[in-house]
Amino acid sequence: MANEDNKKLRIAIDGPAGAGKSTVARFVAQNLGIHHLDTGAMYRAMGLYATEQGINPQNADAVRALLPNVDIRVEFDGAGKQHILLNDRDVTNALRTEEVGNAASAVAQVPELRALLRNAQRAVGERYDIVMDGRDICTEVLPDTPHKFFVTASARERTRRRMRQLERLGQTANFDAVLADILARDRQDSRRDAAPLRREPDTMMIDTTHNSVRRAVERILSAIAEREESGKIKEES
Ligand code: CDP
């Protein structure tokens, strides 16, 4: 779409746990024919590693002490699917449990980890046209892109979606327990000192509580097209 002039197209999507932002981001990327990076998977890889090492993920000093031994990399396969390599081991299929999600939210509070992953994410953005989703993409990772979106939904709707996702993965889930997890994660993600989840005024709000994923994707695609067009007009004048 926008790379005739060698400028990369970078689209930033943030939002709380279970809002459907990764699904929306994947469709937006598919539609534009570009890559999608789910940055949460990188934090999940660190959450997995801390758990495997028998470390309490809430213990910031212990997490920090692990960092010199950790290498988290992203690769895209021929079909464009993202793979997360944790010390050269492909852990992509081990990341989607609630336990790993909760550990991810805990280790994500450590600024040194955030700095490492943010650098890796920016490097991916230098290399590819990309849609990135996470918690701090609009505010920290890609603050210069004009394409910023905040995808959210009510906590109960997010719980229902998370339950369906877990059930599809063959995991059993209890509504109240998943809701409690979502609320705890919201609190932890928005109150932490390091790059908390927040929406700035330049970021377009997409509330999917009563809207389908398809509608969210359409709104995002038309906002991108509009801004690309007005950017071109400004450059020409
Ligand atoms: O899928 P879900 O939205 O529940 O979580 P995720 O996107 O896989 O991210 C897992 C955790 O990583 C989140 O709860 C955040 O605490 C953290 N995270 C972050 O701090 N910054 C990002 N850019 C992405 C994820």
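Please read these numbers as outputs of a predicted model, since none were measured by experiment. Just so you know, ligand 1 is whichever comes first in the structure, and atom 1 is the first atom listed for that ligand.
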Contact region, Arg44 to ligand 1, non-hydrogen atoms below 4.0 Å, reads side chain

Ligand 1 contact on Lys21 by region, counting heavy-atom pairs under 4.0 Å
side chain

Side chain, backbone, both or neither: which part of Gln188 has a heavy atom under 4.0 Å from ligand 1?
neither

So, using salt bridge (Lys or Arg N to Asp or Glu O under 4.0 Å) as the criterion, who are the partners of Arg10 when residues are at least two apart?
none

Ligand 1 atoms in contact with Arg192 (distance to a heavy atom under 4.0 Å)
16 (O), 19 (C), 20 (O)

Considering only heavy atoms, does Ala17 approach ligand 1 within less than 4.0 Å through its side chain, its backbone, both, or neither?
both

Out of Gly20, Gly47, Ala104, who is nearest to atom 10 (C) of ligand 1 when you count heavy atoms only?
Ala104

Ala108 heavy atoms within 4.0 Å reach ligand 1 at atoms 16 (O), 17 (C), 20 (O)

Check each heavy atom of Arg135 against ligand 1 and say whether those closer than 4.0 Å belong to the side chain, the backbone, both or neither.
both

Can you pull out the closest protein heavy atom to atom 1 (O) of ligand 1? Residue, atom name and distance to 0.1 Å, please.
Arg162 NH2, 3.2 Å

Under the criterion side-chain hydrogen bond (donor to acceptor under 3.5 Å, both in side chains), which of Asp186, Thr208, Thr152 is the partner of Arg158?
Asp186

So the atoms of ligand 1 within less than 4.0 Å of a heavy atom of Gly18 turn out to be 3 (O), 4 (O)

Is the closest heavy-atom distance from Arg114 to ligand 1 below 4.0 Å?
yes

Could you walk me through whether Thr139 and Lys148 pass the side-chain contact (heavy atoms from CB on, under 4.5 Å) test, one step at a time?
CA-CA 9 Å; Thr139 51; Lys148 298 182 184 181; over 6 Å; no

Which of the atoms in ligand 1, numbered in the order shown and given with their element, are less than 4.0 Å from a heavy-atom of Asp136?
21 (N), 22 (C), 23 (N)

Going by the order shown, which atoms of ligand 1 are within less than 4.0 Å of some heavy atom of Arg185?
2 (P), 4 (O), 5 (O), 10 (C), 13 (C), 14 (O)

Donor-acceptor pairs are to be reported for all side-chain atoms of residues 168-180 against protein atoms at under 3.5 Å, with residues two or more places apart or in another chain.
from	atom 1	to	atom 2	distance (Å)
Gln171	NE2	Arg96	O	3.4
Asn174	OD1	Asp176	N	3.1
Asn174	OD1	Ala177	N	2.9

Sub-4.0 Å atoms of ligand 1 with respect to non-hydrogen atoms of Asp189:
13 (C), 14 (O), 15 (C), 16 (O)

